[in-house]
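Each chain gets a letter, A, B and so on, in the order the sequences are listed, and its residues count up from 1. Atoms considered below: every heavy atom in the structure, side chains included; atoms not considered: hydrogens, waters and symmetry mates.
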Amino acid sequence: MRVYILLTFILFLNCRANLEEQNFIVISTSRDIESVNELLGASRFNNEIINLMFLHLFKEQPDFHKGPPTLLPEIVEVYKWTNPKELYVTFKKGIYWSNGEEVSAQDLLFTYKAQTSTDVGWPYSFVKEEIERIEIIDKYTMKVSFSKRYRNALYDLNEGVVLPSVWKTLPFKKWRVNGEWFLENLVVSGPYKIERWFRKQEIVLSSNSSYYLFSKGYPLIKKVVVRIYPDQEGQVNALLRKEVDFVSGVSPIKVDKIIKDPDLDIKTFWPRQFTFIVWNLQRQPFDKREVRLALTLGIDREKLVKTLWRGYAKVAVSPVISSVWAYNRNLKPWPYNPQMARDLLLKIGFSDKDGDGIIERNGREFVFELLTNVENRIRRDAVLLIKEDLSKLGIKVVPRFLDLATVIDLNRKHRFDASLAAWGIDTTLDFTYAFHSKQIDGGENYGGYSSAEVDTLLEKIREESDLNKLRDYLWKMQEIIHYDQPYTFLWEPMRIVAYNKRLKNVQSNYLLSLYNLHEWYINSGR
Amino acid sequence: MKYLSILAKAFFSWLLVVVIVSLAITIIPGDFASYYFSEIVKGESLGRISSLYSKDEDFYTTFFDALYTLVTLDFGSSWIYKEKVLNVILDRLIYSAIIGLPALLVQLALAFYLALHFHDSKFLVNFLILMYVIPAFALAYFLVAFFSSYLNVLPASHTSYPGSWSVGTLLIHSVMPIFVLVFSGIAYPFEVCSETAKKFKESEFFALARLRGLDEKEIYRRYMSKHMLLPLVHMFALFFPAFVSGVLVIEIVFAWPGFGRLTYEAVLARDIPLILGITEVSATLVIVFTALADVVHLVLDPRLEEI
């Protein structure tokens with residue numbers, strides 16, 4: 001009897017409102033944010049939430065496929081170059097912080113100081129290196145001096161949100177040890193503020209009434225609950241149960257299940273990423289171009305894209321991904337051609353003389369370890385499929401799965417044969433870190449690739465301001481890397497977001513999956 | 001004398017834990033900055049940030065630092081959370097305890113009750129062992145699929161409904177995690193209690209009581225239960241740290257903000273101050289409760305003093 005009473009009690013308590021009647025939306029993510037202060041966080045999702053609460057000088061537009069991205073003024077009203085190294089910036093009047101103070105030149109100066117402070121340790125601080133100083137002319141105007149003339153000046157200035165200067169009451173030295181202070185003293189300028197943050201559970205965002213578009217009705221959805229689901233499975237199930245409206249990252253194998261539901265839909269876009277295998281050129285036999293090329297030819301990359309990504313990816317060709325304006329359209333991915341691979345290997349002396357199924361040269365069998373991080377299921381599966389492909393060439397692959405921190409450590413110290421990893425690329429299109437010979441020691445040139453021609457090209461790419469010349473250099477660099485194959489480029493992944501169709505005007509892009517959250521609205525007419 | 005040896009044992013276990021942790025920290029490959037900022041920072045700029053989050057490569061320095069933090073309880077700030085390590089840990093310990101403590105009590109009470117009355121049941125033993133063998137996450141997924149997706153009577157995850165919080169909802173949300181915790185491990189205490197029960201029934205005491213004409217159920221209730229309490233108290237003390245320090249799988253499936261997830265995260269990210277804090281706090285829990293179990297045993301069973 002008592003059991004029944006308990007059950008009814010549970011059932012009674014559980015009479016919850018379903019999504020249709022709620023006046024707020026629920027967004028799910030797999031990872032919690034780290035800090036409400038941009039300079040103290042590092043993850044992608046942290047960036048998403050920061051961008052809902054703070055404004056940039058300019059709003060970057062998602063048009064990287066056409067050329068360097070457009071910057072639309074946001075806090076800035078006008079800007080003027082008086083000479084190639086000096087920029088005058090004037091702020092809009094009437095943009096307020098949530099504590100009632102107006103956004104002013106003081107805030108930008110404070111932000112710059114915080115961003116470059118070694119005590120704060122902002123990971124991105126290097127982008128501010130070329131900014132020599134910022135001087136305040138009047139409340140809304142300031143002069144920015146750069147140490148040289150270069151094409152990324154405006155992007156570098158725009159990197160990072162503008163922080164409220166009231167945060168100066170906490171000395172920089174204490175920032176990294178008092179993260180909770182910023183939540184207690186949260187002052188925002190963007191469409192949303194954090195009402196409640198319950199670690200590893202949820203973040204409740206409510207509209208900020210001092211947002212400069214608030215009088216025009218933005219944000220349209222006044223309350224947003226972000227829930228943290230550590231488990232991918234749980235996230236998608238919650239979407240299917242209609243407990244969640246928007247999932248910011250869905251695995252391709254779940255797509256079928258989602259689009260079968262008439263209330264749900266997906267959106268896709270190309271995040272600026274590519275996955276590759278880096279060969280350790282400091283070890284034999286990967287120092288030979290023919291070997292690397294044979295390995296590329298021997299891996300069925302179309303199959304990887306089809307099976308692991310269900311087609312939500314494409315074969316990568318070069319470090320400049322195909323959705324970026326500077327991608328060299330003349331390059332074609334190396335085909336899957338095991339016969340050609342076998343011939344190449346035979347030509348440089350690899351053959352199976354002892355008949356054990358593994359080819360050898362000078363008595364040394366072609367066996368190598370393929371390293372990747374164990375947390376990533378798709379990469380793990382890819383390693384196994386590649387092992388299968390290469391065994392047909394008589395090459396034995398030994399999979400090695402370790403945790404990410406260890407993998408990065410081994411990569412940086414060149415203690416691997418081959419390593420499956422990924423890079424994200426940014427607006428600067430600077431690939432010095434990965435391919436310049438100076439970056440072999442202490443940098444990210446994991447494989448130890450060194451080409452004098454690529455070195456000079458990379459240096460030119462850094463300095464060039466003429467877009468046509470820049471394109472030529474980037475095309476040439478891609479050609480050489482495509483020929484040399486220090487990497488086997490595997491795939492460019494697609495990102496999939498899924499959402500409930502009651503949400504309208506969802507525009508997710510490679511910059512942010514919540515790019516225009518303030519313009520989303522709920523379709524109540526159903 | 002006995003008490004002194006318990007104290008000495010605890011102290012040495014403590015020292016041993018600190019030695020092992022310090023050793024692990026010095027030899028663990030990888031560092032915080034290159035993992036944590038791997039999506040953003042490349043090349044030379046990484047070196048500059050790494051210096052802000054560096055660990056001692058030297059064993060002795062790490063060891064004495066670890067000892068010092070343990071004595072002063074000042075673990076510093078977590079690198080991921082930018083907050084005091086102790087606050088971060090306590091925050092999560094509470095949530096692990098919210099499901100861990102009731103689960104432990106229910107598990108032991110249920111094991112006790114079942115063993116008292118059904119210690120001879122072959123079916124029950126096999127059933128409980130089956131529960132033990134099924135991985136906790138599988139049981140959890142099954143419960144979610146049945147109670148949340150199909151029947152829609154219990155919430156599938158988290159500690160509350162979106163955007164709201166109350167004690168009532170917290171209770172509802174803890175039902176399934178507690179259920180999984182109770183049943184995935186109940187076989188062991190049940191076995192221990194049943195063994196005690198069976199031994200008791202073989203004893204002369206039991207035969208005598210029967211001869212006196214007492215009813216079997218009456219003997220169970222009045223005498224045997226007292227015998228079974230001793231291992232129960234011991235198990236409570238031994239299991240307590242394990243239940244409170246969280247179960248990663250359950251916390252992930254039910255999106256519960258517990259201690260297990262914190263530990264996993266700290267180790268992956270090489271957040272050294274947090275790792276140090278977590279290991280020292282959980283080691284302390286284990287050591288203190290083991291010592292406590294020994295003491296309780298001594299108090300309840302004076303015969304041990306003679307040995």
Side-chain angles (χ1 to χ4, degrees), chain A residues 7 10-11 13-14 16 22 24 26 34-35 37 40 42-44 118-119 121-126 175-180 196 198-202 204 223 225 227-231 233-234 237-238 240-241 243-244 375 403-410 412 424 432-434 439 442-444, chain B residues 28-49 52-53 76-77 79-84 87-88 91-92 141 144 148-149 152-163 165 168-169 172 175 251-257 261-262 267-270:
Chain A
L7 261 180
I10 289 173
L11 287 167
L13 265 177
N14 221 48
R16 56 165 187 254
Q22 284 169 5
F24 61 87
V26 183
E34 298 112 38
S35 176
N37 184 340
L40 301 178
S43 67
R44 186 173 54 76
T118 46
D119 289 327
W122 187 39
Y124 266 118
S125 62
F126 63 92
W175 280 30
R176 273 186 311 116
V177 292
N178 285 294
E180 70 279 13
R196 202 161 57 85
F198 180 7
R199 281 250 153 105
K200 301 284 139 174
Q201 286 290 287
E202 62 182 29
V204 180
K223 188 176 169 191
V225 178
R227 300 210 108 191
I228 292 105
Y229 285 83
D231 178 31
E233 198 79 26
N237 287 339
L240 291 166
R241 279 197 305 270
E243 287 170 19
V244 159
E375 301 92 344
D403 74 303
L404 184 58
T406 311
V407 168
I408 293 173
D409 193 53
L410 292 176
R412 289 173 68 89
T432 308
Y433 63 92
Q439 297 293 324
E444 265 72 30
Chain B
I28 193 173
D31 66 300
F32 175 78
S34 59
Y35 166 85
Y36 210 64
F37 303 125
S38 63
E39 287 178 26
I40 327 173
V41 187
K42 291 149 189 160
E44 314 98 64
S45 14
L46 187 63
R48 233 171 302 153
I49 296 166
L52 290 174
Y53 302 99
S77 272
W79 292 344
I80 309 175
Y81 290 98
K82 321 281 193 293
E83 270 179 45
K84 292 261 170 301
N87 291 355
V88 176
D91 191 35
R92 300 307 184 74
Y141 276 137
V144 170
S148 307
S149 294
N152 195 16
V153 290
L154 282 175
S157 60
H158 293 83
T159 59
S160 67
Y161 295 117
W165 198 92
T169 55
I172 293 288
V175 170
E251 286 170 15
I252 285 180
V253 174
F254 293 111
W256 198 264
R261 270 163 78 191
L262 186 72
V267 173
L268 274 192
R270 311 287 194 264

* Verify side-chain contact (heavy atoms from CB on, under 4.5 Å) between B:S157 and A:E243, making sure each step is shown before the conclusion. => CA-CA 11 Å; B:S157 60; A:E243 287 170 19; 5.5 Å; no

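Between the side chain of A:E180 and the backbone N or O of B:E83, no donor-acceptor pair lies under 3.5 Å. B:K82 contributes a side-chain N or O that, together with a main-chain N or O of A:L40, makes up a donor-acceptor pair within less than 3.5 Å. Using modelled atom types, one side-chain atom of A:Q201 and one backbone atom of B:A255 make a donor-acceptor pair closer than 3.5 Å.
Of all the listed residues (A:V204, A:L240, A:I228, A:T118), the one sharing the greatest number of non-hydrogen pairs under 4.5 Å with chain B is A:I228. Between chain B and the options A:A434, A:P230, A:G179, A:A238, heavy-atom pairs under 4.5 Å are most frequent for A:P230. Note: B:L268 leads B:L268, B:V267, B:D91, B:L262 in heavy-atom pairs under 4.5 Å with chain A. Between chain A and the residues B:W165, B:F32, B:W79, B:Y53, the most heavy-atom pairs under 4.5 angstrom are made by B:Y53.
Taking all atoms of both residues into account, the shortest heavy-atom contact from B:S148 to A:R241 is O-CD, 3.9 Å. Between B:G163 and A:R196, the closest heavy-atom pair is C-NH2, 4.0 Å. Residues A:D409 and B:P29 share a closest heavy-atom pair of OD2-CB, 3.7 Å.
With sequence neighbours excluded, the residues that form a side-chain hydrogen bond (donor to acceptor under 3.5 Å, both in side chains) with B:E251 are B:S96. Residues satisfying the side-chain contact (heavy atoms from CB on, under 4.5 Å) test with B:K84, not counting sequence neighbours, are B:S77, B:N87.
For B:W256, the part sitting under 4.5 Å from any heavy atom of chain A is the backbone (N, CA, C, O) and nothing else. The part of A:I408 that comes within reach of chain B is its side chain, from C-beta onward, which places non-hydrogen atoms under 4.5 angstrom from that chain. Within the 4.5 angstrom heavy-atom criterion, atoms from both the backbone and the side chain of A:V177 approach chain B. The contact between B:Y141 and chain A is made entirely by side chain atoms (from C-beta outward), counting heavy-atom distances below 4.5 Å.
With contacts defined as side-chain heavy-atom distances shorter than 4.5 Å, the pair A:L404/B:R270 does not qualify. Two residues are said to be in side-chain contact when any heavy atoms from C-beta on lie closer than 4.5 Å; A:F198 and B:H158 fail this criterion. Contact of the A:N237 side chain with the B:V144 side chain is not registered, since no non-hydrogen atoms from C-beta on lie closer than 4.5 Å. Contact check for B:P162 versus A:R227: side-chain heavy atoms found under the 4.5 Å cut-off.
Separating the OH atom in B:Y81 from the OG atom in A:S35 is a distance of 12.5 Å, to the nearest 0.5 Å. Atoms CG and CZ, on B:D31 and A:R412 in that order, are 7.5 Å from each other to the nearest 0.5 Å.
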